[in-house]
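To start, the structure under review is shown below, and the notes come after it.
When reading the values below, keep in mind they use all heavy atoms of this one structure, side chains included, and skip hydrogens, waters and symmetry mates. This structure is a prediction, so every number in the text was calculated from the model and none was measured. In this chain, numbering begins with 1 at the start of the sequence shown.
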Amino acid sequence: MDARPAVTAAPPLIEFRRVSRTYGSGEAIVRALADVDLVIREGEFVAIMGPSGSGKSTAMNVIGCLDTPTSGSYLFEGIPVEGLTRNQRAMVRRELLGFVFQGFNLLPRTTALENVDLPLVYRGLPPEERRSRAMQALASVGLKGREQHTASALSGGQQQRVAIARAIVTDPLVLLADEPTGNLDTRTSREIMDLVTALNRDRGITVVMVTHESDIAAYARRIVRFVDGRIDSDTPQRESA
């Protein structure tokens, strides 16, 4: 008889169990998500796609603790998020998640360094540590030497790099990217996606990305397509050479 203790597998990083999200009531009710089951494991790079109104943005909001299911359960590292208080969900967002948006969401008259430094201010870190970490984050996205440029003085691609640096300066478990190349030209979009791919590959950051562009989704290793609030397909992608 084998007396060795059984090895318990770690829970998925992100798990939906029959998650539904409805808005409104009566005849005006909208079912944005309908009994969705979804598992995303640590280190994955998942693209979420679907037409307008398919539920992809609602799914992203639930994953990002910006919304909660109407029914079903969302587990983060095995913990039901809907059972957390508002402050606890805010802590998950602050400590474990990084966000990148289509519109960059930078303070335009504030320097790149100060924009990246901001999440660390909320953590209460001392100025010296904040500056050091923000400088490292900016260097990691190719913006060494641009630290004192205001956001408004940077190109769109550079602004998105600042936004990515801000998202990763806290060393998050998950990078949530909502249409990260939507405001960028083709060449700059490729540069940003090469950067996101490197963060996933080299630093092991789990990436969940919403996009409507097939060429951008192709950077992911898995594509989940939503239609009418449900998952229509969940397809692994071949690794590029």
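Residues Thr206 and Leu173 fail the side-chain proximity criterion, which asks for heavy atoms closer than 4.5 Å. Two residues are said to be in side-chain contact when any heavy atoms from C-beta on lie closer than 4.5 Å; Val19 and Asp35 fail this criterion. Within the 4.5 Å cutoff, no side-chain heavy atoms of Leu13 are placed close to those of Ile40. Using a 4.5 Å heavy-atom threshold, the side chains of Val196 and Val207 count as touching. Between Val81 and Leu75, the closest side-chain pair of non-hydrogen atoms is not below 4.5 Å. Using a 4.5 Å heavy-atom cutoff, the side chains of Leu120 and Val169 are in contact. Contact of the Val36 side chain with the Ser20 side chain is not registered, since no non-hydrogen atoms from C-beta on lie closer than 4.5 Å. At a threshold of 4.5 Å between non-hydrogen side-chain atoms, the residues Leu84 and Phe76 do not count as touching.
Gln159 contributes no side-chain N or O that, together with a main-chain N or O of Gly157, makes up a donor-acceptor pair within less than 3.5 Å. Judged by distance alone, the side chain of Arg230 and the main-chain N or O of Leu33 form no donor-acceptor pair under 3.5 Å. Between the side chain of Gln158 and the main chain of Ser155, a donor-acceptor pair closer than 3.5 Å is present. Of the possible donor and acceptor atoms, none in the side chain of Thr211 sits under 3.5 Å from a partner among the backbone N and O of Ile216. In this structure, the side chain of Glu191 does not engage the main chain of Thr188 through any donor-acceptor pair within 3.5 Å. A distance-only check finds a donor-acceptor pair linking the side chain of Thr85 to the backbone of Gln88 [under 3.5 Å]. Although no hydrogens or angles enter the test, the distance criterion places no donor-acceptor pair under 3.5 Å between the side chain of Arg221 and the main chain of Val46.
Transitive grouping of hydrophobic side chains (ILVMFWY, heavy atoms separated by less than 4.5 Å) brings Phe16 and Leu66 into a common cluster. Side-chain heavy atoms closer than 4.5 Å link hydrophobic residues (I, L, V, M, F, W, Y) into clusters, and following such links, even through other members, never connects Phe99 to Leu175. Taking hydrophobic clusters as Ile, Leu, Val, Met, Phe, Trp and Tyr residues chained together by side-chain heavy-atom distances below 4.5 Å, Leu96 does not share a cluster with Leu125. Taken together through direct or relayed side-chain contacts under 4.5 Å among Ile, Leu, Val, Met, Phe, Trp and Tyr, Phe101 and Ile168 form parts of separate hydrophobic clusters. Leu176 and Phe104 fall into different hydrophobic clusters, where Ile, Leu, Val, Met, Phe, Trp and Tyr residues are linked whenever their side-chain heavy atoms come under 4.5 Å apart, directly or through other members.
In this structure, Arg203 pairs ionically with Asp171, as a charged nitrogen and a carboxylate oxygen lie closer than 4.0 Å. Salt-bridge check for Asp234 with Arg225: failed, with every basic side-chain N at 4.0 Å or more from each acidic carboxylate O. A salt bridge links Glu44 to Arg222: one of the charged nitrogens lies within less than 4.0 Å of a carboxylate oxygen. No salt bridge links Glu128 with Arg130; every basic N to acidic carboxylate O contact stays at or beyond 4.0 Å.
Rounding to the nearest 0.5 Å places CZ of Phe226 at 12.5 Å from CE of Met49. A distance of 11.5 Å separates OG in Ser73 from CD1 in Ile79, rounded to the nearest 0.5 Å. In this structure, the separation between CZ on Arg166 and CG on Leu138 is 11.5 Å, given to the nearest 0.5 Å. With rounding to the nearest 0.5 Å, the separation of CG in Leu106 from CG in Asn115 is 4.5 Å. In this structure, CE in Met209 is found 9.0 Å from CD in Glu179, a value given to the nearest 0.5 Å. Atoms CG and CZ, on Asp194 and Arg201 in that order, are 8.5 Å from each other to the nearest 0.5 Å.
Taking each heavy atom of Gln160 and Gln102 in turn, the nearest pair found is NE2-O, 4.3 Å. Contact between Ser189 and Thr181 at its shortest, heavy atoms only, is OG-CB, 3.4 Å. Here the shortest heavy-atom pairing between Pro180 and Val100 reads CB-CG1, 4.3 Å. Closest non-hydrogen pair, Arg161 versus Val141, comes out as NH1-O, 2.6 Å. Taking all atoms of both residues into account, the shortest heavy-atom contact from Pro172 to Leu97 is CB-C, 3.7 Å. Scanning both residues, Tyr74 and Cys65, for their nearest heavy atoms gives CE2-SG, 4.3 Å.
Between Thr111 and Glu114, the side chains place a donor N or O and an acceptor N or O closer than 3.5 Å (distance only, hydrogens not considered). Residues Tyr219 and Asn200 bring no donor and acceptor atom of their side chains to less than 3.5 Å of each other. With 3.5 Å as the limit, one finds no donor-acceptor pair spanning the side chains of Thr170 and Glu95. No side-chain N or O of Asn61 forms a donor-acceptor pair with one of Arg21 less than 3.5 Å apart.
Heavy-atom neighbours of Asp185 CG from other residues, nucleotides or ligands within 6.0 Å: above the threshold of 12. Heavy-atom contacts from other residues, nucleotides or ligands closer than 6.0 Å to CZ of Arg31 number more than 12. When the shell of 6.0 Å around CZ of Arg93 is examined, it contains more than 12 heavy atoms from other residues, nucleotides or ligands. Residue Arg18 qualifies as open at atom CZ: its count of foreign heavy atoms under 6.0 Å is 12 or below.
Under the side chain to side chain contact (heavy atoms under 4.5 Å, CB included) criterion, Ala220 pairs with Phe45, Ala47, sequence neighbours left out. Residues satisfying the side chain to side chain contact (heavy atoms under 4.5 Å, CB included) test with Thr235, not counting sequence neighbours, are Ser233, Gln237.
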Could you check Glu15 against Leu38 for side chain to side chain contact (heavy atoms under 4.5 Å, CB included), going step by step and ending with a plain yes or no?
CA-CA 6 Å; Glu15 183 177 6; Leu38 175 67; over 6 Å; no

Side chain to side chain contact (heavy atoms under 4.5 Å, CB included) evaluation trace for Leu184 with Ile192:
CA-CA 9 Å; Leu184 304 175; Ile192 292 300; 3.6 Å; yes

Apply side chain to side chain contact (heavy atoms under 4.5 Å, CB included) to the pair Asp37 and Ile231, showing each step before the final yes or no.
CA-CA 8 Å; Asp37 291 320; Ile231 292 177; over 6 Å; no

